[in-house]
Amino acid sequence: MSFVSKISGTTKVCGLIGNPVEHSFSPAMQNAAFSSLGLDYIYVPFLVAPADLGQALAAVRALNLVGVNVTVPHKEKVLPFLDELAPEAEIAGAVNTIVRQGGRLSGHNTDGAGFLRALAADAGFAPEGKNVLVLGAGGAARAVSAALARAGAREIRIAGRTAQKAAALAREINERVHGRARAIPWGEEDLLEVLPDVQLVVQATPVGMHPRPEDCPPFPFQGLRSGHLVCDLIYHPPLTKFLARAKAAGARIMNGLGMLLYQGVLAFELWTGVSAPVEVMRRALAEELCRRSSSE
Ligand code: NAP
């Protein structure tokens with residue numbers, strides 16, 4: 001790659017810590033952004049086993065890294081190793097971006113804000129006063145629900161496979177954001193009952209993600225109308241079975257690529273202090289998706 005030949009003693013290093021990391025689209029997106037603006041930065045994925053997380057964070061300080069993204073399974077576990085947390089990270093109880101300033105590490109969560117920006121920019125959707133149905137109660141559901149609550153969503157109904165997790169997430173949202181969240185059972189009748197009163201549906205489980213695109217979470221698609229915006233946080237494949245069925249039922253749809261893009265845009269801006277080249281990053285993601293799809 002052309003930027004490799006430009007690495008020198010002044011090059012600033014950002015990265016990703018996770019396990020696994022080889023599936024990540026972030027190196028392609030961030031390196032394209034640095035390169036297009038002529039910034040002397042590079043983004044490198046680091047495979048970090050759970051037992052080595054503390055040492056990896058010590059290395060972020062010792063090796064003078066600018067910062068790192070954090071992905072599964074470290075997003076929650078990384079909190080005790082940080083010096084400070086931004087409010088979104090505190091509310092989400094998870095960090096996806098770390099910034100090193102001097103010897104201090106601050107934790108941020110750009111997933112929720114990235115989702116909101118994708119909603120606004122790519123779907124023209126404003127959550128204020130709207131009712132939302134979230135499927136899943138994991139890290140992404142947490143970040144998205146907290147961001148929607150902060151953005152003024154009227155009520156967030158959370159349906160989780162594990163009822164206790166959905167209840168705990170709804171409780172935390174209500175306590176930390178003073179949002180109106182409520183756990184509901186994940187049954188066909190229960191979902192059908194709330195759908196007429198919901199404007200946004202967010203699919204926040206990994207069901208249907210590569211390499212199992214044939215999977216689809218159980219959902220009463222017959223209850224969808226043209227007034228529903230249905231989002232799947234999955235971006236690979238770009239059209240999940242869930243989104244295809246929602247579209248066939250008449251709903252508007254949005255995949256997870258916009259959230260991936262804007263969480264990266266926000267991380268880029270935190271590390272560099274420079275406005276991110278959004279279209280360059282969007283193109284790099286689309287090319288990466290194309291490359292992966294054609295090699296599978
Ligand atoms: P996670 O923390 O592991 O949570 C996964 C959630 O999905 C849990 O609530 C889990 O239920 C539920 N789940 C898993 N398998 C299920 C099944 N077969 N049926 C019903 N529910 C099931 O994962 P995550 O980090 O939240 O990620 C969720 C999805 O969001 C992934 O596809 C990920 O790629 C995507 N994501 C996208 C972006 C983006 O930028 N677009 C960012 C983050 C995540 P239990 O609690 O019962 O285990």
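None of these values were measured; they are calculated from a predicted model. Excluded from the calculations below are hydrogen atoms, water molecules and symmetry mates; all remaining heavy atoms, backbone and side chain alike, are included.
- The two residues Ile234 and Thr205 come nearest to each other via the heavy atoms CD1-O, 3.7 Å.
- We find the CG-CZ distance between Asp111 and Arg142 to be 12.5 Å, quoted to the nearest 0.5 Å.
- Taking CG of Leu266 as the reference point, atom CH2 of Trp271 lies at 11.0 Å (rounded to 0.5 Å).
- Using a 4.5 Å cut-off between side-chain heavy atoms of Ile, Leu, Val, Met, Phe, Trp and Tyr, with links allowed through other members, Phe242 and Leu257 fall into different hydrophobic clusters.
- Screening Thr97, Asn96, Thr110 for a side-chain hydrogen bond (donor to acceptor under 3.5 Å, both in side chains) involving Asn69 leaves a single residue, Thr97.
- Taking both residues in full, the closest heavy atoms of Met281 and Ala33 are given as CG-CB, 3.6 Å, listed atom of the first, atom of the second, then distance.
- Tyr235 and Val72 sit in two unconnected hydrophobic clusters of ILVMFWY residues. Membership requires side-chain heavy atoms under 4.5 Å apart, directly or through other members.
- Asn19 is listed as a side-chain neighbour of Pro73, based on a closest heavy-atom distance under 4.5 Å.
- Using a 4.5 Å heavy-atom cutoff, the side chains of Gln203 and Leu233 are not in contact.
- Of all the heavy atoms in Leu169 and Ser145, the pair that sits closest is CD2-OG, 4.3 Å.
- One hydrophobic cluster, built from ILVMFWY side chains closer than 4.5 Å, cannot hold both Leu192 and Leu200; they sit in different ones.
- Between the side chain of Arg100 and the backbone N or O of Gly102, at least one donor-acceptor pair lies under 3.5 Å.
- Atom NZ of Lys130 has more than 12 neighbouring heavy atoms from other residues, nucleotides or ligands inside a 6.0 Å radius.
- In this structure, CD on Gln222 lies 8.5 Å from CG on Leu224, to the nearest 0.5 angstrom.
- Closest approach of Asn109 and Ala143 over heavy atoms only: OD1-CB, 4.1 Å.
- Rounding to the nearest 0.5 Å gives a distance of 7.5 Å between CG of Asp122 and CG of Leu261.
- A donor-acceptor pair shorter than 3.5 Å can be found between the side chains of His108 and Ser106.
- Between Leu119 and Met254, some side-chain heavy-atom pair lies under the 4.5 Å cut-off.
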Would you sort out whether Gln199 and Val132 count as a side-chain contact (heavy atoms from CB on, under 4.5 Å), showing the intermediate values?
-> CA-CA 6 Å; Gln199 291 79 43; Val132 184; over 6 Å; no

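- In this structure, the side chain of His178 does not engage the main chain of Ile173 through any donor-acceptor pair within 3.5 Å.
- Side-chain atoms of Leu63 and Val60, non-hydrogen and from C-beta on, never get closer than 4.5 Å to each other.
- Val66 is connected to Met29 through a chain of hydrophobic side-chain contacts under 4.5 Å among Ile, Leu, Val, Met, Phe, Trp and Tyr, so both are in one cluster.
- The environment of Glu193 atom CD is sparse: at most 12 non-hydrogen atoms of other residues, nucleotides or ligands sit within 6.0 angstrom.
- Annotation: Phe34 is not in aromatic contact with Tyr43 [ring centroid separation under 6.0 Å not met].
- Side-chain contact between Lys12 and Leu65 is absent, with no heavy atoms from C-beta onward closer than 4.5 Å.
- Clustering ILVMFWY residues whenever any of their side-chain heavy atoms sit less than 4.5 angstrom apart, transitively, puts Ile156 in a cluster other than the one holding Leu133.
- Both cation-pi conditions hold for Arg292 and Phe25: the charged atom is under 6.0 angstrom from the six-membered ring centre and inside a 45 degree cone around its axis.
- Counting non-hydrogen atoms of neighbouring residues, nucleotides and ligands closer than 6.0 angstrom, the CD atom of Glu214 exceeds 12 such neighbours.
- Arg61 has a carboxylate O that lies under 4.0 Å from a charged side-chain N of Asp83, or vice versa, which qualifies the two as a salt bridge.
- In this structure, the ring of Tyr262 has its center no less than 6.0 angstrom from the ring center of Phe115.
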